[in-house]
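As the structure is a prediction and not an experimental result, all values here were calculated from the model.
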Amino acid sequence: MATARLDYIAPWWTYWLHNFPHFNFTFQTVDNTFRPGEASYQQSLVFLACISAAGLVLSLLLLSVYLTSVCCCRKEEEEETKRPDSCCVSWTAVITGLILCSAVGVGFYGNSQTNDGVYQLTYSLHNANHTLGGINGLVSSSLGSMEVGLQQHLKRLDEIFATRGDYVQALRFMGQMADNIIRQLTSMPELSKAKVDLSAIADQTDYGEYYRWLTYLLLLILDLVICLVACLGLAKQSRWLLTMIMVFGVISLVLSWGSLGAGTATAVGTSDFCVSPDKFIANRTKDFLSAEVTHYYLYCSQSLPNPFQQSLTIFQRSLTTMQIQIQGLLQFSVPVFPTAERDLLGIQRLLNSTEFNLNQLTVLLDCRGLHKNYLDGLMGVCYDGVEGLLYLCLFSLLSVSAFCVMLCAIARAWTLITSRDRDYDDIDEEDPFNPQARHMAFNPSRASHVHSFCSYSSSLDSQASPHPPPQTAAILPTSEYMNQSMLFGGNPRYENVPLIRRGSPPPSVRWPLTLEARSLVLEARSLV
């Protein structure tokens, strides 16, 4: 009973995911037909999730080897080799941050798409459940009217019309029509089980989707915060921030691998359903629905006959016959039996309400309403839902790659920061050529304790000088020499050269001397 479907075509990505290899725990191939109740099919989906677990173990192992090599195999490096490494670390951090921000954007889009698809599915399930509930309510109401209300009225009228055989015969005929209606109503499929199944599926899907959406939202926010704090830690060169980022980076790496495994298994299982949804639904409803009824609602073609048409036609004809009989009894029996009017009018109202139920039942049993809900659910879960899951898997892959590179870059930055701090610790704090002195503000109270860099130990020259230098001359060269240390690029090899108290004269500056100055110099030398 196969019919070509034109109103639903599964998207190409569902066929791509459907063709993923399915293996159980013994590495045997499993049929990719959607069978969630079978253990072998469940094992195939868990096997796909375990691939991500294997990737997690491998990435953690490689990161451990790299971190061990960085921490335990460090060599003393020259300044020329440190500068390219720091530049490389900076560019790596920038590129990793951009990749992680892009991954977060992809994740937000995929999370929204998946939520929209699941919402459309649950909305369709609730609508279909409402339709099935309406059908069950109308059938129950009509059966109650025919079996209880009508029989009570006929029983009282039978006592009233006991002396008139023709009226009693009309009542017997109405009873037969009521039996026909009851027979047709009870022969309809029992849709209460389908109603319960749809309600349970919709509630469970809503519950699971809420926590799935919330979990991914928190993971996306965590990744974004880690990216921002990592940039801040590298900019400030703060070791405690980098330590915190490494810890949370490993946690986020584990969560990203877990989300990748869960997303892949869910996407593959959903795609297996989307490729052949009719077959799965037919197998699930075969216990309480006939194949003809299921096929009618799944395809809803104009060429397919309505399996309820015959029952509805008999229902309508029997109801019309009963209404004609009541009209005749109201016209001819009421003048003779006035007490029968109340029961006859009660039967008439009951038949009118039953006719209204019949019209509503005819509309609800038509395939177009349930078929539209079915298509909307398929479109939601197979298009938006699976597409969103693919984007979430892409987010997981990008975040995994970004976090692996980020952890390596942070480890390298840690070594550079530690090496820089160790070099600074080796320098005497009282050394005026310390690079840190460039960041210190000039303090006049401490300036008096700073020895002049231009002091000369020979008392003879000081006595021969006709104009001794003022006291501030011993203060001013301090900042000058400290500024001159910048000429060496802050290299400790030049900054640690001792210049104070070694008896060396200050650098001489040759100025053109006048005649008086030359004579004074010659007299001083003659005295020596």
Side-chain angles (χ1 to χ4, degrees), residues 10-11 13-14 17-18 20 22 32-39 41-53 106-130 132 193-223 252 254-275 277 280-281 283-285 373-396 399:
W13 53 80
T14 58
L17 293 171
H18 178 67
F20 274 21
H22 291 62
N32 55 6
T33 304
F34 185 69
R35 293 167 287 111
E38 295 187 6
Y41 182 79
Q42 295 175 359
Q43 291 178 5
S44 66
L45 297 182
V46 175
F47 184 84
L48 291 174
C50 291
I51 295 177
S52 297
V106 172
F108 273 111
Y109 177 76
N111 197 29
S112 177
Q113 282 290 101
T114 305
N115 185 258
D116 291 341
V118 175
Y119 173 78
Q120 187 173 352
L121 171 64
T122 55
Y123 183 77
S124 301
L125 289 175
H126 284 298
N127 285 340
N129 192 61
H130 179 73
L132 295 177
K193 294 183 179 180
K195 176 179 179 295
V196 172
D197 289 342
L198 291 180
S199 178
I201 293 173
D203 292 339
Q204 293 174 2
T205 305
D206 281 332
Y207 181 81
E209 171 58 21
Y210 172 75
Y211 285 101
R212 186 211 61 81
W213 174 83
L214 183 61
T215 302
Y216 268 102
L217 181 63
L218 295 177
L219 180 60
L220 292 168
I221 294 175
L222 176 63
D223 290 353
S252 185
V254 175
L255 294 177
S256 298
W257 275 113
S259 65
L260 178 61
T264 302
T266 305
V268 171
T270 307
S271 298
D272 292 340
F273 167 77
C274 293
V275 169
F280 172 74
I281 294 176
N283 291 331
R284 289 296 299 268
T285 58
N373 295 329
Y374 175 61
L375 289 181
D376 290 343
L378 286 180
M379 293 295 181
V381 69
C382 297
Y383 279 83
D384 293 340
V386 178
E387 181 185 5
L389 289 175
L390 288 177
Y391 279 110
L392 289 176
C393 291
L394 178 60
F395 151 72
S396 299
S399 62

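Under the rule for a side-chain hydrogen bond (donor to acceptor under 3.5 Å, both in side chains), the partners of D206 that lie at least two apart in sequence or sit in another chain are T122, H126. Checked against salt bridge (charged side-chain N to carboxylate O under 4.0 Å, His left out), D384 has no partners two or more places apart in sequence or in another chain. Partners of E387 according to the salt bridge (charged side-chain N to carboxylate O under 4.0 Å, His left out) rule, which considers only residues two or more places apart in sequence or in another chain, do not exist here. For R35, the side-chain hydrogen bond (donor to acceptor under 3.5 Å, both in side chains) criterion is met by E38, not counting sequence neighbours. By the side-chain hydrogen bond (donor to acceptor under 3.5 Å, both in side chains) test, H22 pairs with D272, sequence neighbours left out.
Side-chain contact between Y41 and F34 is present, with at least one heavy-atom pair separated by less than 4.5 Å. Between L390 and L17, some side-chain heavy-atom pair lies under the 4.5 Å cut-off. For the pair F395/L220, a side-chain contact is recorded, criterion being any heavy-atom separation below 4.5 Å from C-beta on. Taking 4.5 Å as the limit, some side-chain heavy atom of L217 sits within range of a side-chain heavy atom of I221.
Among L218, L219, T215, L260, the one residue that satisfies the side chain to side chain contact (heavy atoms under 4.5 Å, CB included) test with L255 is L219.
For N111 against L392, the heavy-atom pair with the smallest separation is N-CD2, 3.6 Å. Here the closest heavy-atom approach between residue P277 and residue L378 is recorded as CB-CD2, 3.8 Å. Looking at every heavy atom in both residues, A265 comes nearest to L45 through CB-O, 3.5 Å. Between P36 and F280, the closest heavy-atom pair is CD-CE1, 3.8 Å. For the pair T114 and L389, the tightest heavy-atom approach, listed with the atom from each and the gap, is OG1-N, 3.3 Å.
In the displayed structure, F20 atom CZ is contacted under 6.0 Å by more than 12 heavy atoms of other residues, nucleotides or ligands. Within 6.0 Å of the OH atom in Y119, the count of heavy atoms belonging to other residues, nucleotides or ligands does not exceed 12. Residue F273 qualifies as enclosed at atom CZ: its count of foreign heavy atoms under 6.0 Å is above 12.
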Quiz item: Does the side-chain contact (heavy atoms from CB on, under 4.5 Å) test come out yes or no for V386 and W13, once each step is laid out?
Solution: CA-CA 8 Å; V386 178; W13 53 80; 3.5 Å; yes
Self-check item: Test side-chain contact (heavy atoms from CB on, under 4.5 Å) applied to T266 and R212, step by step
Solution: CA-CA 12 Å; T266 305; R212 186 211 61 81; over 6 Å; no
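Side-chain N or O atoms of T14 include none that pairs as donor or acceptor with a backbone N or O of V275 at under 3.5 Å. The backbone N or O of H18 sits less than 3.5 Å from a side-chain atom of N32, completing a donor-acceptor pair. No donor-acceptor pair under 3.5 Å is formed between the side chain of Q113 and the backbone N or O of G385.
Side-chain contact, N115 with E209: a donor N or O sits under 3.5 Å from an acceptor N or O.
Between Y207 and Y211, the gap from one ring centroid to the other is short of 6.0 Å.
Separation of atoms CG (L132) and CG (N127) is listed at 11.0 Å; rounding is to 0.5 Å.
For residues 255-264, the side-chain hydrogen bond (donor to acceptor under 3.5 Å, both in side chains) pairs, not counting sequence neighbours, are S59-W257, S256-S399, S259-S396.
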